[in-house]
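Chain naming here is simple, since letters A, B, ... match the order of the sequence lines and numbering starts at 1 in each. Excluded from the calculations below are hydrogen atoms, water molecules and symmetry mates; all remaining heavy atoms, backbone and side chain alike, are included. Everything numeric in this text was worked out from a predicted model, so none of it was measured.
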Protein chains: 2
Amino acid sequence: MSEKTTIYDIAKELNITAATVSRALNNNPKISQSTRKLVLETANRMNYKQNRLALALRSGRSNNVGVIVPRINTNFFASVIRGIEEGLHPEGYQVIICQTHEEENREIENINTLLNAQVDGILMSISNLSEENNHYIERVIQKKIPLIFFDRKKEINNVSSVTIDDYQASYQTTQHLIAQGCDKIAYFSGDRSLEIYEERYRGYEQALLDNNIAINPDYIINIKSNVQEGQEAAEKLLTLATPPNAIFSTSDFAALGAIQKLKEHGIKIPEDFCVFGFGNEPFTKFMELSISTVDQSPLEMGKVAAQVFLDKINNRDKKKSESQVVLMPKLLIRQSSTRIA
Amino acid sequence: MSEKTTIYDIAKELNITAATVSRALNNNPKISQSTRKLVLETANRMNYKQNRLALALRSGRSNNVGVIVPRINTNFFASVIRGIEEGLHPEGYQVIICQTHEEENREIENINTLLNAQVDGILMSISNLSEENNHYIERVIQKKIPLIFFDRKKEINNVSSVTIDDYQASYQTTQHLIAQGCDKIAYFSGDRSLEIYEERYRGYEQALLDNNIAINPDYIINIKSNVQEGQEAAEKLLTLATPPNAIFSTSDFAALGAIQKLKEHGIKIPEDFCVFGFGNEPFTKFMELSISTVDQSPLEMGKVAAQVFLDKINNRDKKKSESQVVLMPKLLIRQSSTRIA
DNA sequence: CAAAAGAATGCAATCGATTACACAAATCTA
DNA sequence: TAGATTTGTGTAATCGATTGCATTCTTTTG
């Protein structure tokens, strides 16, 4: 029965052409009022729905954008995606999501799939695409598909980005810990081949330098973002001849793990030891000992990324419509690092 | 330059027809080895990428599925979506996400948009679609687009669903609380016009009945899933002449709020008062006083939903390919409700 | 009233890929 | 070697919507 109605079905029903139907539905002024009314009524009666695939093929615009993230189910990425969806929905775009699990080949595969699907833009948080595979990115640019990096970016010509100022976040956090009287600050780093982690490290380093505190390589530990690695790293720190009296973890989960270990060892937080996380995961606020952390305003990041995309689409012709938006991080100073109020 | 290569470009380059190119690319056995090789090489050299829109239009299959959820950035939904993506990705499907914010008109709008976009299936967690608007659902079924409800469902013919056994979850939780010695168990309910909340209520009720405990209407409070409403509800309970000695909250967030209030009042958990949540939000595990909760295995739910969709697609012809999968909830009994180990 | 202008609609190509059918050339069979 | 097969390609329609360019029918104008 009403399996699928096309403009041809409507045309046949009314003994007119599909062209006329199309024009009537699109409010083309060349169509007479009477015909338009008839078409609209019939379309409604026959339950017509425009086939967006056909439209997309003809117009070259799919009204889809692709979003590539390492994984969906973390508070940060889920919130960014929400922001993107809410920024793009009113403009009639739909969001296709892809996960990479931080694997380079998945990253490449996803880019290709999205290009095949003729998306109108790609928003991605890049993870491990090596230099030698930059041409996959170049291809996107060549096809004039707007490409926007968020959070994790790469310096590439013609690619816009929306990030937070990781250097500042890290610098200010370290300053804060020093101001709280901590002079031996350990640092949990993520993979420093990623710009965000390199920036954060720089901020940490510079703050120490500016306060005449020597960098202690023993205090710098590479971790993955999970509770267990935080526990292990803390354990290792406590075995040092001179253990630190603060930890700045670039992961909230690792910060939590560290706190658990410290407590096990009977260390009082924040009196004996301060801990600062990164990411504002919901749990940091809920803990009995609330965890200080850096808020990256993911929702806003998503909305801004959506806006940057829309600007690019609307200014396709303009020579250079590249923009690098840097959002300001917010330090949420909570109990785990508050000695002096 | 390499703006866009089509099979026609390849055909022209080789002085053959687009048909031949298409066949060569699709490994059609009728094509000679030499031609096939030539086409593949040329396609590669010219950086050809199949236009999936064209393919979709011709074949009637877009290889996209739509996922409709109230919002993306909650642990539960984000995890389900992850599961769906991971179940569908290997089969070449892409996932389009839509948010409803629990608004009926958004729900309708999203269904329509997805139908226009010619998705091959719709997976949704329904919220507030009233009976009178069931025809929007019917339309999906009429178009023979597989429709799968997950978590929140509605009894509709021909619609598959993947849910957890909310009744059992609730019944067992209540039994557990009673076994811990709680005889005055308050209940935080969600909107009972949703099947899941109605089921959970039934489980609570039945467990009390089975243990000869009278239902006290004062103990039953409707809340939204957030910390503040949990605090307020707990506050209200404590002003009762006979306050309860346990709370079963169908929201982890409200459970947390309640715990905070109880502590403020100097009530000891679990000694004086047990609390049980629902949803296994990450923070419930991380708290110093870990919160007992029900795990809904969202990742698995997503994967199963994906599988159900794939089965439906592959058995289109079969009369009835409707399936109602019910996953078993897992009670995570943690500190907030453990008096007796 | 003839010619020009205007209004409303039809015709046909297009977007890119697939595929039933037709056809030519090469190979085989008796 | 005529006729039957097989093999490899080409032709053209199709999916559904849009749109430049006719074309037809009115209406206006001088």
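- Among the heavy atoms of the strands lying under 4.0 Å from B/Ile7 is at least one base atom, whether or not backbone atoms are also near.
- Residues A/Ile164 and A/Val326 come closest through the heavy atom pair C-CG1, 3.9 Å.
- In terms of position along DNA chain D, the nucleotide closest to B/Thr20 lies nearer the 5' end than the nucleotide closest to the other residue of the pair B/Ala54 and B/Thr20.
- Annotation: the span from A/Ile148 atom CD1 to A/Phe309 atom CZ amounts to 6.5 Å, rounded to 0.5 Å.
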- May I have the step-by-step check of side-chain contact (heavy atoms from CB on, under 4.5 Å) for A/Leu25 and A/Leu40, ending in yes or no? CA-CA 7 Å; A/Leu25 291 171; A/Leu40 290 177; 3.8 Å; yes
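- The structure places CG of B/Asn63 at 10.5 Å from OG1 of A/Thr113, a figure rounded to the nearest 0.5 Å.
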- Message: Run the side-chain contact (heavy atoms from CB on, under 4.5 Å) test on B/Tyr136 and B/Glu107 for me, step by step, so that the C-alpha distance in whole Å, both residues' side-chain angles and the decisive distance to 0.1 Å come before the verdict.
- Response: CA-CA 10 Å; B/Tyr136 287 101; B/Glu107 211 150 45; over 6 Å; no
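- B/Tyr48 and B/Thr5 make their closest contact through CD1-O, 3.3 Å (heavy atoms, listed as atom of the first residue, atom of the second, distance).
- Qualifying side chain to side chain donor-acceptor pair (under 3.5 Å) partners for A/Asn134, counting only residues two or more places apart in sequence or in other chains: A/Glu131, A/Lys154.
- Remark: side-chain polar atoms of B/Thr6 are paired, donor with acceptor, to backbone N or O of B/Tyr8 under 3.5 angstrom.
- The structure places CG of B/Leu310 at 10.5 Å from CG of B/Asp120, a figure rounded to the nearest 0.5 Å.
- Using five terminal pairs a side, the axes of the helix from C/dC1-D/dG30 to C/dA30-D/dT1 at its two ends make an angle of 60°, given in steps of 10 degrees.
- Under the 3.5 Å distance criterion, the side-chain polar atoms of B/Arg52 are matched with a main-chain donor or acceptor of B/Ser62.
- Of all the heavy atoms in A/Ser125 and A/Phe77, the pair that sits closest is OG-CE2, 3.6 Å.
- At whole-Å resolution of the value, OH in B/Tyr8 and C1' in C/dA13 are 12 Å apart.
- Between A/Ile68 atom CD1 and A/Glu109 atom CD the span is 10.0 Å, to the nearest 0.5 Å.
- Put simply, chain B comes within 4.0 Å of DNA chain D, heavy atom to any atom, from D/dG8 to D/dG16, going 5' to 3'.
- Of all the residues in residues 24-39 of chain A, A/Asn26 reach under 4.0 Å from DNA chain D with at least one non-hydrogen atom.
- Listed by residue number, there are no residues of residues 11-18 of chain A with a heavy-atom contact under 4.0 Å to DNA chain D.
- None of B/Asn157, B/Ile156, B/Asn158 except one satisfies the side-chain contact (heavy atoms from CB on, under 4.5 Å) rule with B/Ile137; the exception is B/Ile156.
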Check nucleotides 20-24 of chain C for protein N or O atoms closer than 3.5 Å to its own N or O atoms and list the pairs.
residue, atom, partner, partner atom, Å
C/dA20, N6, B/Arg23, NH1, 3.4

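- Scanning both residues, A/Gln99 and A/Ile72, for their nearest heavy atoms gives OE1-N, 3.1 Å.
- Residue A/Ser22 is in base contact, counting any heavy-atom pair closer than 4.0 Å across all strands shown.
- Looking at A/Glu41 and A/Arg45, no side-chain N of the basic residue comes within less than 4.0 Å of a carboxylate O on the acidic one, giving no salt bridge.
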